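Structure first, commentary second.
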Protein chains: 2
Amino acid sequence: MADIDTACINTIRCLAPDVVQKANAGHPGAPMGCAPMAHILFSRFIRGSPAHPKWINRDRFVLSNGHACALQYILLHLTGYNISLDDLKSFRQLHSKTPGHPETNHGVDGIEVTTGPLGQGVSSAVGLAMAEAHLAATFNRPGFELINNYTYCILGDGCLQEGVQAEAVALAGHLQLGKLICLYDDNHITIDGDTALGFTEDVCKRFEAYGWHTQVITDGDHDIEGIARAIEIAQAVADKPSLIKIRTTIGYGSKNQGEEKVHGSPLGEADILNVKAKFGFPTDKKFYIPDEVYGFYKNFSLRGQQLYAQWTETFATYGQTHPELHAELSRRLAGELPAGWKDALPKYTSASATLATRKTSEAVFNAIAERIPEIIGGSADLTGSNNCWWKTAKDFQPPATGLGTYAGRYIRFGVREHGMAAICNGLHAYGGLIPFGATFFNFIGYALGAVRLSSLSKHQVLYVMTHDSIGLGEDGPTHQPIETLAELRALPNTLVIRPADGHETNGAYIAALENRTGPTVLVLTRQNLPHFDTSSAEGVLKGAYVLQDVASPQVILVATGSEVSLAVNTAKELANSGVHARVVSFPSWELFEAQSQEYKDSVFPEGIPVLSIEALSTFGWDRYAHASVGVNSFGISAPASQIYKTFGLVPDVIAEKAKRLISYYSDRKPEWKLRKPF
Amino acid sequence: MADIDTACINTIRCLAPDVVQKANAGHPGAPMGCAPMAHILFSRFIRGSPAHPKWINRDRFVLSNGHACALQYILLHLTGYNISLDDLKSFRQLHSKTPGHPETNHGVDGIEVTTGPLGQGVSSAVGLAMAEAHLAATFNRPGFELINNYTYCILGDGCLQEGVQAEAVALAGHLQLGKLICLYDDNHITIDGDTALGFTEDVCKRFEAYGWHTQVITDGDHDIEGIARAIEIAQAVADKPSLIKIRTTIGYGSKNQGEEKVHGSPLGEADILNVKAKFGFPTDKKFYIPDEVYGFYKNFSLRGQQLYAQWTETFATYGQTHPELHAELSRRLAGELPAGWKDALPKYTSASATLATRKTSEAVFNAIAERIPEIIGGSADLTGSNNCWWKTAKDFQPPATGLGTYAGRYIRFGVREHGMAAICNGLHAYGGLIPFGATFFNFIGYALGAVRLSSLSKHQVLYVMTHDSIGLGEDGPTHQPIETLAELRALPNTLVIRPADGHETNGAYIAALENRTGPTVLVLTRQNLPHFDTSSAEGVLKGAYVLQDVASPQVILVATGSEVSLAVNTAKELANSGVHARVVSFPSWELFEAQSQEYKDSVFPEGIPVLSIEALSTFGWDRYAHASVGVNSFGISAPASQIYKTFGLVPDVIAEKAKRLISYYSDRKPEWKLRKPF
């Protein structure tokens, strides 16, 4: 065996093909090519304690080229995290801890964010680094560097081509995130072949244009000391994020090294023998890890344990000198909301001035933002339209800009919706923060790649989405969401809430802040809406509730958001012709589904036909409604009231349809939608 | 009045606030700031004929900052396109020709692509320039420069922050698109305020990193000769796209010029008076256009008419010397598919080897790609997985790379899903081409911003989406679409087809190629599927059809794609216990909805309960089915068959559910889903 670094690197290079081969699926090439940089990171730089994997001041490591996860699983195993050799052997198998791409909150410590969908990892790494900068500025005091960690990220050519990456790293440059260090696995290979096919930009120059510090390592297969030095230099550059471009050979050691063939398929047994022979490893052993390698990596947990112990001591002392800050950080790390935060929520009556729900949302921000200081976020350059700025908000900005500090909690995301969502995932993944991102509802369509990962990875992110229908008016069909509500309702583990007025907006935020294991999408109007005396936050928490009732209702009008008042007016119109209509406000399908059958039955009793009213696509409403009015084409540019009228979303037209619905079921009972055979 | 250029520019600067004020909504600032560059483009550079607005060799102009569309409408009016002064007066009003953001295929000539959602315009402009390069390489011959136009694009800070833009312009640099010229309205203002808040990158340096040529104009408010010279220089750079960064003052002339206040709201009457006085225009007149300005812009149509006449003559001569090429271009411009293209579609029987539909899709490409030479496209770096490369395909590449030529029709999009879709919109908008883009189905979620514009703008784009469910197996939940089918089914004017086997894949492509007024999403498996003797392309064109029947069916099993064979096996299982099940293959909801009521009733007759089977979210299936089996959580990383089993997607479990469904309706008729009260 050669020196211990080489032994470790070669162990990874021999182990990764075994892991992939046993699974008969996966990506051996990048783990083999990235073995040197990953080994150097874990053995010399990353500070973490496998015994205390959630230690807040650990360094964060993100493998943005998540398909290379055999590498990450191997390193987590070697450094003592909760991945066993058996877990490596069950790579990509049913219910294993080692799925095809790294999933955070999946039972494996050391996976900070979910990666695999390209560009997401590095973008969330920007969020992790922003969280560190913010919490450091918030909690550190002279002599107490409680929050002081690096965020390391390995990324490949794929990530560098993705738009979400461009958005996030551009912002990272502006924000001068000096503790974000990215190692670019420059292997010249994408799935289609050589990067010459379509990725010929000067990556370092681009990053410099964003304000990054860049370095180049020309032989990343061997120059481990060069890599180590570059990381040290990057650490020393405090006012710029760093990119280290490291030229590597994909599948280093394979007979097909340097070719796309080694990217996404097992090497095959013959080539694996060749690899092991080349590195002087026993060819008759699979999953072989020399004792000296295990022994060397033990230093990782020993160092981490020591750092953790020191930190714990420091934190205790901090508790004596800064008891309030200590209590505050402790509360946040425990994941508890501050007591009494709901007390300040605004109150309304039907006599209150009409308000858009983007404005009642603003009222919530003003009421709670200072009471819940872990709230951090901003808008994709629509602050004045999304109304998510609160009166005492301060900008999250590098102090050098003179525009704010890292202690600020209002983030200027820029016109970067996808980057914003991916950054929010990173902010939440860090811990101690509840991030939010805002834009027009229609443009959540730009961000779905990252929103989906909020849902999959159980990140509590608040998506504050305003201008939620044709009701936005003149901006027209390019900006009017139609399919968007259905899209999000179809997404698993995603709480979608479309409140109807002030009280319901309060309820929406209560639900969102108490939903700790997934994102909440708040769907808010541009246009003013009346308040109801019978609306309530409690009603929102049940998903749907009877807002207005009559004896022996003949029809149930169910609506969400801005169409609840339309339903109320339709009920009035129906009452004028002697028809009894119940009005149900239905702000959240997911919350309703979580209620008892008894409660659900009380809202939608057997035998009464249901008509849904929503100024978006009716897609999906068949689940609850016997007929629907909505908008099943693209919208129109015009004043909002004229658009509503054009689509028949006015009381008299809907009342007519309600009568047709009642008459349709005059000779039989409508199917009870709440009953299913299974 | 000053010189004519200044008169024209000031006319625009006075007219734009009038247009916005009358609408009481819109964006006056950018039109006023961009007036000089836009005037110079239209008066000195853009070649187009309002009398022949679809002339194939016209220059393309894209206003990527689409919110500034008052500018574009004004210039189209002044240059003689079909926008009247009354149309300008009905800006943003119901059913006007001048909606809040420019919409192509909306009755207004000169709007090449839809813009407004930021980043889309410039990205589609890349597609327009690629189309020009391709058609020039395909049809030009010595002495016949039939295709030889520029693509001009004005874009702002917003577009430059969007990821879709980064993806598209990076590819444009690689592709050396010398005839793409972008004018960057560098006004230092975004909606939130000064760009210092979050957009501080060195834009020119970034574009140079991509391989663009860049220039800077420091006084874009006045230096019209400088702008003109820069455009000339840009034209002379043949092997690089050009960015001209032009420093302007947003709202130039307003008392709030240079501030975000003038961005998105009417200036107000007082300020409008101030603007008009400042530019020496009559303050008592609204929508005032001096005769000399009208007179000057007449040159646009005169020049265009002359160029068009010359071109027509050249094209006629070309018809004599190159009759086949002439016929081919004429056919394409007429929007007709070549005769007999379907003849070569492959045939299958149930004895054929099982094939993934991504492979039967590949067979279609091999059969038709040379017969329909307007097909052009590629994959977002998943060529070998999406199987959209055909045997005789050649790369679309700059000749200097040695990797292909502009006559090639296979595009290496790189890992740029959103850019790919926006580019496809531009390729289609140019004319004479049918573009396709391919990736994993899950990652259409990255591209939805542009896919939505394919639908809104009626672009015939084929989205070839493979790996369409949990059936992709080991890559796991990060890659397994769940909500994705529902998402696209909810999107208006979008044809979604999920074929079950080889014949149905043929049908899917027939439908896609004949659907000339919108995109088609082809949803294809990774895993192998059997072929059916009773499946057919004709069945696909009807959306749904009876694949397998029995006398007196007790239940209808309806499935799509890979679950059709599961339905067939479930029917077999049911038959073993004496239960009669019809099997309906339902590849496309949209095509089914277009059928006669009689046909629809024949597929789903009254009185028979329907069970849907699809290995994705069941969201939306209540429209047709009385019960559904599917996947309503995120997926799992494991071999595909084990995942199917875990989710109960196996014949015995489904058969059991079918029996429960039948028993549930044993005492009454199920609601007939095809009947609605309205």
Side-chain angles (χ1 to χ4, degrees), chain A residues 25 92 94 99-101 116-118 158 161 163-164 166-167 170 174 190-192 197-202 205-206 209-210 381 383 412 414-416 418 445-446 448-449 456 474-476 478 483 486-487 490-492 617 619-620 622-623 627 633-634 637-638 642 657 660-661 664 671 677-678, chain B residues 25 92 94 99-101 116-118 158 161 163-164 166-167 170 174 190-192 197-202 205-206 209-210 381 383 412 414-416 418 445-446 448-449 456 474-476 478 483 486-487 490-492 617 619-620 622-623 627 633-634 637-638 642 657 660-661 664 671 677-678:
Chain A
R92 293 182 156 231
L94 193 66
H101 294 86
L118 291 170
Q161 293 172 69
V164 60
E167 293 177 13
H174 168 77
T190 64
I191 291 179
D192 271 17
L197 284 172
F199 183 58
T200 48
E201 66 178 52
D202 181 337
K205 186 169 181 177
R206 173 162 70 92
Y210 296 136
D381 194 39
T383 294
R412 303 290 180 171
V415 193
R416 304 180 177 107
H418 199 177
Y446 273 38
L448 278 183
L456 175 63
E474 290 88 345
D475 270 347
T478 53
E483 72 286 4
E487 239 168 51
L491 184 61
S617 170
F619 193 91
D622 295 291
R623 180 161 169 187
S633 64
F634 287 108
S637 171
Q642 295 177 29
K657 289 191 168 167
R660 281 164 68 186
L661 176 63
Y664 183 77
E671 183 111 21
F678 51 84
Chain B
R92 294 183 155 229
L94 192 65
H101 293 86
L118 292 170
Q161 293 173 66
V164 60
E167 293 177 12
H174 167 76
T190 64
I191 291 179
D192 271 17
L197 284 172
F199 182 58
T200 48
E201 66 179 51
D202 182 339
K205 185 168 181 177
R206 172 162 70 91
Y210 296 136
D381 194 39
T383 295
R412 303 291 179 170
V415 193
R416 304 179 177 107
H418 199 177
Y446 273 36
L448 279 183
L456 175 62
E474 290 88 345
D475 270 347
T478 53
E483 72 286 5
E487 239 169 52
L491 184 61
S617 171
F619 194 91
D622 295 290
R623 180 162 170 187
S633 65
F634 287 108
S637 171
Q642 295 177 29
K657 289 190 168 169
R660 281 162 69 185
L661 176 63
Y664 183 76
E671 183 112 19
F678 52 83

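Below, chain A is the first sequence line, B the second, and so on; all start at residue 1. Since the model is a prediction, treat every value here as computed from it, not as a measurement.
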Shorter than 4.5 Å, heavy atoms on both sides: which option in E487(A), Q642(A), K657(A), R623(A) has the most such pairs with chain B?
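Between E487(A), Q642(A), K657(A), R623(A), the count favours K657(A).
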Taking the side chain as everything from C-beta on, heavy atoms only, tell me whether R412(B) gets closer than 4.5 Å to T190(A).
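Heavy-atom side-chain distance check fails, nothing below 4.5 Å.
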Hey, is the main chain of [Y] close enough, under 3.5 Å, to the side chain of [X] for a donor-acceptor pair?
X: S637(A); Y: P99(B); result: no
X: E671(A); Y: E671(B); result: yes
X: Y446(B); Y: L118(A); result: yes

Shorter than 4.5 Å, heavy atoms on both sides: which option in [options] has the most such pairs with chain A?
options: G100(B), P492(B), A170(B); result: P492(B)
options: A166(B), S633(B), G116(B), P117(B); result: P117(B)
options: H101(B), R206(B), R660(B); result: H101(B)
options: E167(B), H174(B), H418(B); result: H174(B)
options: L491(B), L197(B), L448(B); result: L197(B)
options: D622(B), I191(B), D192(B), V164(B); result: D192(B)

Checking R92(A) now: which residues fulfil salt bridge (charged side-chain N to carboxylate O under 4.0 Å, His left out) with it, not counting sequence neighbours?
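If we apply the salt bridge (charged side-chain N to carboxylate O under 4.0 Å, His left out) test to R92(A), skipping adjacent residues, the hits are D475(B).
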The criterion is ring-ring contact (aromatic ring centres under 6.0 Å, His included); which residues satisfy it with F199(B), sequence neighbours excluded?
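F199(B) satisfies ring-ring contact (aromatic ring centres under 6.0 Å, His included) with no other residue.
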Checking A486(A) against chain B: side chain, backbone, both or neither under 4.5 Å from a heavy atom?
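A486(A) touches chain B through backbone and side-chain heavy atoms alike.
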